[in-house]
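See structure below.
Below, all heavy atoms of this structure are taken into account, side chains as well, without hydrogens, waters or symmetry copies. Computed from a predicted structure; not experimentally measured. Atoms within a ligand are numbered from 1 in the order they appear, just like the ligands themselves.
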Amino acid sequence: MPTNFIVLTAVAFTPHCCPVVGRRGPPRASVQLSNALDAANRCTRLPATPSAVTLQLGGTAPLTDGTVHLRLASGGDDDEQLLVVAASSASVAISRACRELVREHGLQVAAIDVGVREEQGTATPLRRARLATQRWRLLAAYGVWAELHAANEHEPAATQPHQCKVLFVERGVAEHTSAAAAASLHAVGATPVVGGVVRAGSALLGRLGRAQLTPTYPPSLALRLLRYLPWRVQRLAARAWVQSMLAEHPTRAVAGEATPYRHPMESVRVLPLLSPAACADAVTEAEEYAAREGGWSTDRHVAYPTTDIPIRCLPRLEALWRERLFPAVEAEARTRLGLGPATRVLPLDVFVVKYAAGVAGGQTELAVHRDNGVLTFSLLLNAPSEFEGGGTYFERAGRVYRPSLGVGVLHSALVRHAGYPITRGVRYVLVGFCGLESPALAPGFARWRFGQDPPWFVSSRVRLLPPPRRRHVWLGRVRRPLLRPNLLGVVHVYVAPEWRGAERGSALLEHALRALRGRGVTHVLTLADDRGSGKLREWYERHGFVDTAQFTETAMVARLL
Ligand SMILES: O=C(O)CCC(=O)C(=O)O
Ligand SMILES: [Fe+2]
């Protein structure tokens, strides 16, 4: 009989500890730690599940079958700290509810993992690889927050990140030794178990690639030999290197915002580049060309075609690109990647893309893909108010970048990304793919393109946000997980009391549910905390929740899939 494992992860977004919030105050790690300890103590008094749950506090022992492992992170260097998690009494009640769920479905609890300690400085490569996989799990939660935030950019107050607390019961995996890591990978759609290995491998290749690409580093003998290997091997190394270099640097979600984003997966730079007038002129020129020449082309890219016009057909925009835009993009790439003077950045393909909703034959989205070349640049050419949705979606980070007018987004061409669907209006983007040329690289590198081979370039089409389904079923009667062992995704959504029952709370909840559904989460739990009027319960019911007193008095649950 297959063994089921799940991982419970509580993640609280609080302004002082979450690296994405941008309002980091004094660290309050000790307060959080004592809260978490308090919660943990209460956990110990919970009846053990049939799999003989034991609880370890603050331990770092490897996860073992049937063990509840509670890891508490107290933080470290504030800048380096990924996330410190506070477990509140609500989280404890939710853990209890999850545990009941686990019991009902005959699952075993593999881990309750609260927080991750960032140990990059001292950790061994293997440990670092494991930390990287742990970060991915946090990203799943973080991605939900980011989507909430992005969805409400016009009304930021509606989605104060610290109002959103997410508790994951992630998808189970059969390989219990790496249950926590694998479940985190599952949550972000990556391949379980091998993720850490892949990551470690790419870090190694990255180191090789760095020496290859920056001749100022004296290469070791092994690295000198590498350049005699086929250029595709060099390309692989450089690919990992570019990825790792981009990943190491802080990024900003919105140009000019006070606090940089410091997440390693946010390998994205945002640059303000063009004035509104210049953007408007670019759109006019593209539309004039399309009217004159019989429309926009839709077949220039084979695998992931865009509705576009290449910049060589648009002389005014091309001049602007040559004189102003490309130098800025190149300078940014040089700084970010530490390119030596002998390395050139080469524009490979630059074009204006048009997304149009509600128009026959109009493109509304671009599926998740990688681009040709090493670096991708995209710049919004019309005002965000002219369309709904849209933005550049980064799959692994689970977030959508929605830059302002004239702001460019620079990222590795190798990061899987997408043109997020627009639901109204028209969105114009200037997109550019760039390669690198260096004497340290084999000549083929400068023409680097993603094509039919090698197979590791192949990207798959993924669903972004499936349409909401209205059917909700009593959790107690749900039997499907039993038919599909090892699959279960439960998230606790915490809506802060002042948002409950209110319109803005509704928006928050709806976006959260949609985002979670899009990630394959099957059930959402929440605490109604109704003080007797019944109004709050009604509010949750309107959002598809049903009362489930069998868990805790106040728990309510919605089934998403
Ligand atoms: O629409 C976007 O923001 C992304 C476009 C893109 O990724 C591409 O054209 O390759
Ligand atoms: Fe792309």
Side-chain angles (χ1 to χ4, degrees), residues 146-147 150 153 239 242-243 246 251 253-255 266-271 273-274 279 282-283 286 296-311 317 321 325 329 347-357 362-384 386-435 448-451 457-462 464-465:
E147 252 171 52
E153 62 182 351
R239 167 198 150 121
V242 169
Q243 188 84 66
L246 281 169
T251 59
V254 178
E266 288 183 312
S267 45
V268 178
R269 295 287 302 168
V270 181
L271 322 163
L273 286 172
L274 274 193
C279 292
V283 171
W296 293 69
S297 63
T298 52
D299 55 1
R300 290 194 330 109
H301 301 111
V302 179
Y304 293 91
T306 38
T307 302
D308 58 26
I309 296 174
I311 200 168
L317 184 57
W321 163 258
L325 289 175
V329 170
L348 301 175
D349 186 10
V350 186
F351 48 98
V352 175
V353 180
K354 178 178 183 177
Y355 296 92
Q363 176 170 20
T364 55
E365 64 177 86
L366 185 63
V368 175
H369 64 281
R370 294 185 170 106
D371 293 322
N372 285 331
V374 181
L375 292 164
T376 295
F377 155 83
S378 60
L379 181 147
L380 184 65
L381 290 175
N382 64 327
E386 292 175 21
F387 56 88
E388 247 160 44
T392 311
Y393 171 81
F394 292 89
E395 182 187 54
R396 201 151 69 168
R399 60 174 307 199
V400 184
Y401 273 68
R402 293 195 166 124
S404 317
L405 175 62
V407 172
V409 176
L410 180 68
H411 58 94
S412 162
L414 311 147
V415 176
R416 282 166 58 89
H417 63 281
Y420 203 80
I422 59 165
T423 51
R424 179 187 67 78
V426 181
R427 174 173 175 254
Y428 295 94
V429 198
L430 177 68
V431 176
F433 306 145
C434 299
W448 178 13
R449 293 281 203 284
F450 290 110
F457 289 143
V458 173
S459 287
S460 56
R461 181 170 260 278
V462 299
L464 292 178
L465 293 180

Could you check ligand 1 for N or O atoms lying under 3.5 Å from protein N or O atoms and list the pairs with distances?
| from | atom 1 | to | atom 2 | distance (Å) |
| --- | --- | --- | --- | --- |
| ligand 1 | 1 (O) | Y355 | OH | 2.6 |
| ligand 1 | 1 (O) | R427 | NH1 | 3.0 |
| ligand 1 | 3 (O) | T392 | OG1 | 2.5 |
| ligand 1 | 3 (O) | R427 | NH2 | 2.8 |
| ligand 1 | 7 (O) | H369 | NE2 | 3.1 |
| ligand 1 | 7 (O) | H417 | NE2 | 3.0 |
| ligand 1 | 10 (O) | H369 | NE2 | 3.1 |
| ligand 1 | 10 (O) | D371 | OD1 | 2.9 |

Do the two ring centres, one from F351 and one from F433, sit under 6.0 Å apart? yes
My understanding is that only one of L381, V431, I309 makes a side chain to side chain contact (heavy atoms under 4.5 Å, CB included) with V353; could you say which? V431
Only residue of V329, L274, L410, V409 satisfying side chain to side chain contact (heavy atoms under 4.5 Å, CB included) with L379 is L274
For the residue pair W296 and V352, what are the closest heavy atoms and their distance? CZ3-O, 3.5 Å
Look at the side chain of N382 and the backbone N and O of V283, then say whether any donor-acceptor pair between them is shorter than 3.5 Å. no
T364 side-chain N/O to I422 backbone N/O, donor-acceptor pair under 3.5 Å: no
